[in-house]
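Data first, discussion second: the structure below is written as structure tokens.
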Amino acid sequence: MDFRIYNTRTRSVEAFAPQVAGRVGLYVCGMTVYDDAHIGHARAMVVFDTFVRWLRATGWNARFVRNFTDVDDKIIRRATELGEDPAALAQRYIDRFHEDMLALGLAAPDAEPRVTSSIGTIVRLIERLVERGHAYAAEGSVWFDVASFDRYGALSNQQPSELRSEDPQAGKRGGADFALWKAVKPGEPSWESPWGPGRPGWHVECSAMAEQELGETIDIHGGGLDLVFPHHENEVAQSECAHGGATYARYWMHNGLLTMSSGQKMGKSLGNAVTIRALLETYPAEALRLYYLQTHYRSPLPFDEAALPDALGMLARLYEAREVAEKMGGEGDPDGIARALGADALEVLTLGRAFRAGMDEALREDFNTSRALGLAFELARAVNRLSNHPKSKKLGGPLVAPALEALASLADIGLLTLDTATFQAEIKAKRLPMLGVTAAQVEELIAARAQARRDKEWAKADAIRDELEAKRIAVMDRPDGATEWRIRL
RNA sequence: GGCGCCGUACCCAAGUGGCUAAGGGAAAGGUUUGCAAAACCUUCAUUCUCCGGUUCGAAUCCGGACGGCGCCUCCA
């Protein structure tokens with residue numbers, strides 16, 4: 001299915017045209033592994049996971065590559081502080097990152113190249129840049145010569161002359177020149193190279209790994225908006241100079257940053273980070289996903305703890321509508337039944353049938369997940385409305401069949417992937433500890449209340465309800481006599 | 001100093017030239033219920049930070065002001 005996507009390079013929404021029909025190669029800048037990933041990283045991971053899922057669901061053969069930066073200044077500094085080997089530290093955080101991604105319900109990338117496994121590729125790329133006159137060695141380091149690339153600044157719309165230049169460093173000629181290879185310093189990990197022992201600069205690794213996994217020209221390159229300059233600008237310079245001018249990435253897709261409610265962005269170095277694993281202790285992964293997908297991927301998202309219960313409530317609303325629909329029985333011609341049952345029945349049928357096309361239409365236009373979700377909620381309301389019809393339980397099945405198919409298709413963006421019991425159990429497992437009660441205690445109170453109700457001791461029954469309500473447990477008596485309970489979000 | 005982004009109801013948020021300004025939450029009233037919860041119904045922006053301009057027509061385009069951010073140093 002064709003789609004349009006905002007391209008940072010041209011600053012406009014463009015129709016996507018693949019290099020090879022039906023195929024998409026996607027490279028997303030991954031983590032520098034020196035600490036646990038926070039929910040700002042999670043936003044980027046979830047956005048691109050969702051995008052790839054949807055691409056595949058709509059028929060694309062997508063190859064998704066996400067790297068690890070497993071050697072760099074911060075890793076080395078942290079390892080030194082902890083008295084740990086940098087490689088061991090990086091591996092530890094890679095393992096923890098994988099755990100986090102699994103907990104978030106993300107599909108594994110097709111390739112996850114690491115810098116330390118790609119040194120040869122990186123060195124060969126730097127050699128090509130030196131040979132072509134785009135890089136120069138000085139005192140064991142190699143620098144990219146920004147002045148040698150006239151398109152420098154095109155991606156981020158920067159003029160090299162206007163940039164604040166950093167402090168001059170040994171052997172560096174231009175203020176905007178950046179390191180391709182860093183000469184070893186005492187106590188640092190290093191690899192042999194034609195320029196002596198050292199390690200890769202930050203930007204060159206992505207150029208090298210992207211070429212290795214996806215070829216000289218990538219279809220879509222993704223990452224956080226904060227990477228546009230200098231990281232992605234430098235990747236363009238390196239790759240296009242090494243490849244004789246061939247376009248590095250045809251579409252640049254950048255996600256907006258998660259900011260604190262104060263407006264500042266969340267960052268490990270800013271010390272204001274909420275880690276993924278901390279958040280997933282109290283919220284289901286799909287609630288976090290819905291929280292992200294409610295907002296367009298390019299918009300800044302101010303993190304607000306209070307928004308998470310809302311997101312969980314929204315998710316529960318979708319799950320509950322699905323459960324309501326699943327319980328409707330009957331068979332026959334849906335259009336005939338709709339005519340017999342009236343406007344609400346026709347509405348469910350119509351919205352259910354139109355959903356998938358509507359969702360895709362929204363996602364095809366710069367991946368507008370917010371609009372797609374709006375349609376899902378309209379459908380959920382229609383299902384619930386139909387459920388008020390006295391005959392819906394016996395006859396509604398055929399009417400809600402398209403709606404159930406529609407809700408199932410939300411799995412293509414990673415939502416409603418669980419069965420209802422699993423979802424409810426997850427909420428209880430994650431939220432009950434915060435409320436200071438156990439499921440057994442709740443069940444006990446509910447049993448006592450049931451007895452009081454049988455005895456028609458309404459005051460006693462209501463006292464128990466109040467007691468549970470004080471613990472944020474909502475008790476629901478079903479028409480068939482059963483009593484269920486939910487945690488009030 | 002340079003390059004950008006954003007400002008839509010009480011809150012979150014879609015909409016970027018023209019049909020009723022999606023959707024969720026909150027709030028108020030109602031249906032239902034032993035009481036509740038959930039669900040449903042109704043109400044809730046003649047208006048899109050402000051001021052000009054373009055246009056038959058603008059939240060949407062242009063200019064300016066005010067406010068909030070991002071990048072230029074590590075950052076998803």
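Side chains included, hydrogens not; waters and symmetry mates left out as well; all remaining heavy atoms used. Lettering of chains follows the sequences in order, A, B, ..., and the numbering in each one begins at 1.
Rounded to whole angstrom, the span from the CD atom of A:Gln158 across to the P atom of B:C3 amounts to 8 Å. For the pair A:Glu347 CD and B:C40 C1', the computed distance is 13 Å after rounding to whole Å.
A salt bridge is defined here as a Lys NZ or Arg NE, NH1 or NH2 lying under 4.0 Å from an Asp or Glu carboxylate O, and A:Asp72 with A:Lys182 fails to meet this definition. A salt bridge links A:Arg356 with A:Asp360: at least one charged nitrogen is closer than 4.0 Å to a carboxylate oxygen. Classification of A:Arg298 and A:Asp366 as a salt-bridged pair holds, one side-chain N sitting under 4.0 Å from a carboxylate O. Ionic pairing of A:Arg449 and A:Asp462 is not present here: no N-O contact between side-chain nitrogen and carboxylate oxygen is shorter than 4.0 angstrom.
On a pure distance criterion of 3.5 Å, no polar donor-acceptor pair joins the side chain of A:Arg371 and the base of B:A22.
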Atom pairs under 3.5 Å, N or O on each side, protein against nucleotides 18-20 of chain B: can you list them with distances?
none

Polar atoms only, N or O, under 3.5 Å: list the protein pairs with nucleotides 4-8 of chain B and their distances.
residue : atom : partner  : partner atom : Å
B:G4    : OP1  : A:Asn157 : ND2          : 2.2
B:G4    : O5'  : A:Asn157 : ND2          : 3.3

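Closest contact between the side chain of A:Arg381 and the listed nucleotides B:C41, B:G25, B:A37 involves B:C41. Which of B:A36, B:G15, B:A76 sits closest to the side chain of A:His38 comes down to B:A76. Comparing B:C71, B:C40, B:A14 by their nearest atom to the side chain of A:Phe229 picks out B:C71. Residue A:Leu257 places its side chain closer to B:G70 than to any other of B:G34, B:C72, B:G70. Comparing atom distances between the A:Met31 side chain and each of B:C35, B:A76, B:C40 picks out B:A76 as nearest.
Side-chain polar atoms of A:His232 and A:His203 form no donor-acceptor pair below 3.5 angstrom.
Between the side-chain ring of A:Trp458 and the base of B:G34, a stacking contact exists by the 5.5 Å and 30° definition.
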